[in-house]
Protein chains: 2
Amino acid sequence: MHKGLWNVLGTTEIVSKKPTINDVARLSGVSKKTVSRVINDSPNVKSDTRSKIQAVIQQLDYAPDPQARGLAFRRSYLIGLVYDNPNALYISDIQAGILHACYGTGYELIMHPGDFCSHRLIDQVQHFVHRARLDGVILLSPISQLDKLAHSLRRNHCPYIRISPKKIDAVANVVVSNDRKGAFLMTEHLIGLGHREIGFVLGPSSNLSSEEKFEGFHEAMKQHGIPLRKRLVIEGANTFESGVAAGEQALTRAVPPSAIFASNDVMALGVLKTAQMMGIAVPESLSIAGYDDSAHASLVWPDLTTVNQSVGFMGELAAHKLMLQLAPDRDRAKLVDVSVEPKLVIRHSTAAVMHV
Amino acid sequence: MHKGLWNVLGTTEIVSKKPTINDVARLSGVSKKTVSRVINDSPNVKSDTRSKIQAVIQQLDYAPDPQARGLAFRRSYLIGLVYDNPNALYISDIQAGILHACYGTGYELIMHPGDFCSHRLIDQVQHFVHRARLDGVILLSPISQLDKLAHSLRRNHCPYIRISPKKIDAVANVVVSNDRKGAFLMTEHLIGLGHREIGFVLGPSSNLSSEEKFEGFHEAMKQHGIPLRKRLVIEGANTFESGVAAGEQALTRAVPPSAIFASNDVMALGVLKTAQMMGIAVPESLSIAGYDDSAHASLVWPDLTTVNQSVGFMGELAAHKLMLQLAPDRDRAKLVDVSVEPKLVIRHSTAAVMHV
DNA sequence: ATCGCAGGTGACACCGGTGTCAAGAAATGC
DNA sequence: GCATTTCTTGACACCGGTGTCACCTGCGAT
């Protein structure tokens with residue numbers, strides 16, 4: 001490993017200060033402005049001057065100070081991720097995708113949890129953006145649903161990308177997951193297996209994603225001419241416990257459903273628990289489907305049939321879109337809404353309905 | 001909401017630039033240095049001067065630029081979290097704890113995944129620290145085990161905290177989870193239930209945490225005079241699949257164990273799957289215990305008996321320790337190693353051994 | 001030979017804050 | 001009342017980069 005000025009001699013260490021642009025300039029016999037030109041790949045630098053400076057940079061292991069750079073450029077190379085906590089795995093997937101996109105670009109990611117329900121959220125986010133001098137932010141569902149927040153950010157010239165279950169923004173700042181289609185596909189899968197009495201577990205009522213999934217479910221049922229029974233649509237809260245309760249509610253009916261589709265995996269696992277405790281065989285007597293393809297889904301037996309929405313990929317897309325906006329030579333033409341296609345993941349918690 | 005210079009008049013918006021220290025100075029009729037004094041709570045400012053300036057700051061909604069501040073102070077108010085991906089939930093818990101500690105302090109958190117196995121990891125981390133001008137980093141297990149990395153950071157005067165399953169650093173830069181004790185407690189729990197033939201599923205061999213847990217298991221067995229059978233100690237890889245395989249290996253023996261203790265929850269879930277597929281009743285015929293108390297553990301039936309190690313709290317502690325080191329008036333006396341006590345979480349996957 | 005014009009370079013101010021130090025104002029000691 | 005100390009304040013350089021603009025080359029065209 002090249003150490004540059006960091007001399008490590010056995011146990012004795014002689015550590016010099018980090019080199020600055022002035023050091024580079026002095027050693028290569030040019031002004032610091034010319035060094036700056038080389039750093040920024042400006043044209044109009046004679047090629048042997050350039051290579052001489054590059055050699056010195058190599059030798060010194062020099063890297064420009066992002067703070068100073070940011071101050072001069074008025075950029076921080078920092079992007080923020082604003083989220084409320086619907087699901088730790090969802091966030092960590094998104095995060096991984098964003099980090100993947102950032103890798104090698106010089107951008108760093110700063111995390112910022114927020115409270116979707118707080119009326120001070122907008123102020124808090126604005127304050128956060130200002131305090132950290134963020135170049136832009138990525139908003140996660142459900143916070144991404146808040147049009148007021150988006151307007152406020154735009155007003156303050158803070159670029160943002162919304163990751164959302166539905167197309168919601170006129171200015172192409174959204175990465176859409178198309179939850180409606182995912183739920184539609186899953187419902188068709190269940191119908192294809194012969195199920196007619198299908199229970200649906202909703203998320204909390206303020207949740208756009210849950211709404212979209214219900215719409216997709218509804219649409220599929222309608223298209224196949226299956227009446228929607230109100231008693232089989234059950235309120236949930238996106239938690240395991242609410243899934244357990246929903247399962248109890250559905251499975252203790254006189255005519256229990258032959259399949260239950262929960263609008264997220266965790267609730268589906270709750271339903272599964274209820275079924276197991278009641279001695280109902282899954283998938284033989286009851287098919288269960290979830291949504292998200294979260295890590296939980298494949299850690300149980302029977303493993304969960306669910307919908308994969310490439311959450312990580314959405315994070316990556318969002319970061320790319322954001323960095324595109326931040327690039328000085330941005331190409332507005334590239335700024336289109338991006339939609340990620342949901343994919344059915346069929347495992348062992350769903351099966352053909354038993355012949356009665 | 002107070003808008004300061006941001007005048008929002010119906011749909012017409014007059015947006016001025018963000019105020020700088022010079023604006024504040026001009027409006028309050030003092031030099032910017034005096035404003036700086038007020039911002040930094042320096043003594044020796046006449047109290048009416050101070051209040052006058054504070055009024056202007058309020059009025060302008062002024063906040064100092066962290067970039068410029070950082071440049072002058074040589075601080076970034078950024079701390080990094082370096083991790084390899086043993087478990088998304090573990091990381092997100094730690095992260096939440098750190099963010100909780102950072103809240104209101106002005107510090108922000110930057111995420112940095114790294115590859116534990118890469119021989120270039122040290123360089124990469126150093127480069128990351130330098131590029132982002134981090135004030136300090138928190139290292140997660142298993143990366144925290146790398147003494148070379150710690151030495152390298154110390155050499156470069158980068159403060160760090162290691163979150164580790166074992167006390168490993170002489171200079172009080174560690175938050176310890178005491179995995180040995182946790183495993184010891186769990187083993188005693190199983191022994192107390194009458195189990196004698198207890199299987200143990202190891203993590204990957206390079207994993208210090210797994211080693212510690214095995215030591216704790218071994219110690220408890222020895223103290224209770226129960227011989228350790230090599231055939232019941234099974235290699236795993238901290239993955240669900242390796243848990244499934246370990247379960248198969250253990251449960252197809254002539255004399256299968258009456259309990260299996262896996263060194264993490266995910267592997268325990270793998271064992272549970274195997275048991276369920278083989279028709280072995282849990283916990284009636286087989287007790288299963290995990291470690292971590294990750295979110296997965298309570299999403300299955302029977303829910304997993306496991307060890308809670310307050311991961312979030314450890315993150316919080318680590319952040320506090322780090323910020324203490326970064327504080328200019330730091331009190332070295334406070335810098336002691338912190339240890340978090342593991343707690344048994346007894347759920348429904350373990351039960352007294354059946355009378356044969 | 002002279003002009004023009006482009007490429008290549010550096011002096012200087014600036015980004016928005018801070019440290020240093022010296023000078024004026026106020027408070028204290030005799 | 002005067003010397004001395006303490007408090008308050010601002011001018012100035014600096015942190016480590018960048019933009020602007022003027023200057024100096026060398027070259028082809030006139």
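Lettering of chains follows the sequences in order, A, B, ..., and the numbering in each one begins at 1. The structure displayed is predicted, hence computed values, not measured ones.
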For A:Asn44 and for B:Ile21, locate the closest nucleotide of DNA chain C by heavy-atom distance; then report the residue assigned to the nucleotide nearer the 5' terminus.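 Closest to the 5' end, via its nearest nucleotide, is A:Asn44.
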
Nearest whole Å is fine: how far is [N] [atom2] from [X] [atom1]?
X	N	atom1	atom2	result
B:Arg37	C:dC21	CZ	C1'	11 Å
B:Leu71	C:dC14	CG	C1'	13 Å
B:Asp48	C:dA26	CG	P	11 Å
B:Asn40	C:dG17	CG	P	11 Å
B:Lys52	D:dT9	NZ	P	8 Å
B:Asn22	D:dC12	CG	C1'	14 Å
A:Arg50	C:dG8	CZ	C1'	11 Å
B:Gln67	C:dT18	CD	C1'	15 Å

Check whether the side chain of A:Arg133 and the base of C:dG16 form a donor-acceptor pair under 3.5 Å.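 Result: no qualifying N/O pair found.
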
Polar pair under 3.5 Å, donor/acceptor by atom type, side chain B:Arg74, base D:dG16: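 Check fails, no donor-acceptor contact within cut-off.
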
Assess, by modelled atom type and distance only, whether the side chains of B:Ser118 and B:Gln124 contain a donor and an acceptor separated by less than 3.5 Å.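 B:Ser118 vs B:Gln124: no donor-acceptor pair found between side chains.
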
Classify the nucleic acid contact of A:Val30 as base, sugar-phosphate or nothing, counting any heavy atom under 4.0 Å across all strands shown.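 Here A:Val30 touches the backbone only, sparing every base.
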
Which part of the nucleic acid does B:Lys33 contact within heavy-atom distance under 4.0 Å: base, sugar-phosphate only, or nothing?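 Base, at least one base heavy atom under 4.0 Å.
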
Whether the side chain of B:Ser76 engages the backbone of B:Gly70 through a donor-acceptor N/O pair (distance < 3.5 Å, no angle test) should be reported.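 A pair under 3.5 Å: no.
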
Under 3.5 Å, is there a donor-acceptor pair between the side chain of B:Asp93 and the main chain of B:Tyr90?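 It does not hold such a pair.
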
Please report the closest heavy-atom contact between B:Ile138 and B:Ile79, naming both atoms and the distance.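 Heavy atoms of B:Ile138 and B:Ile79 come nearest at CD1-CD1, 4.5 Å.
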
Considering only side-chain heavy atoms of B:Lys46, which listed nucleotide, D:dT8, D:dG16, C:dT18, is closest?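 Nearest listed nucleotide: D:dT8.
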
Looking at C:dG10, C:dG17, D:dG16, which one has an atom nearest to any side-chain atom of A:Ala72?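 Among C:dG10, C:dG17, D:dG16, the one nearest the side chain of A:Ala72 is D:dG16.
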
Mind telling me whether B:Tyr77 and B:Tyr107 have parallel, tilted or perpendicular rings, with 30° and 60° as the class edges?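 Correct class here is tilted.
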
For B:Lys32 and for B:Gly29, find the nucleotide of DNA chain D with the closest heavy atom, then tell me which residue's nucleotide is more 5'.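 Counting from the 5' end, the first nearest nucleotide belongs to B:Gly29.
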
Does a side-chain N or O of [X] approach OP1 or OP2 of [N] to a distance below 4.0 Å, or not?
X	N	answer
B:Thr34	D:dT9	no
B:Tyr62	C:dG17	yes
B:Thr49	D:dT8	no
A:Ser36	D:dT18	yes

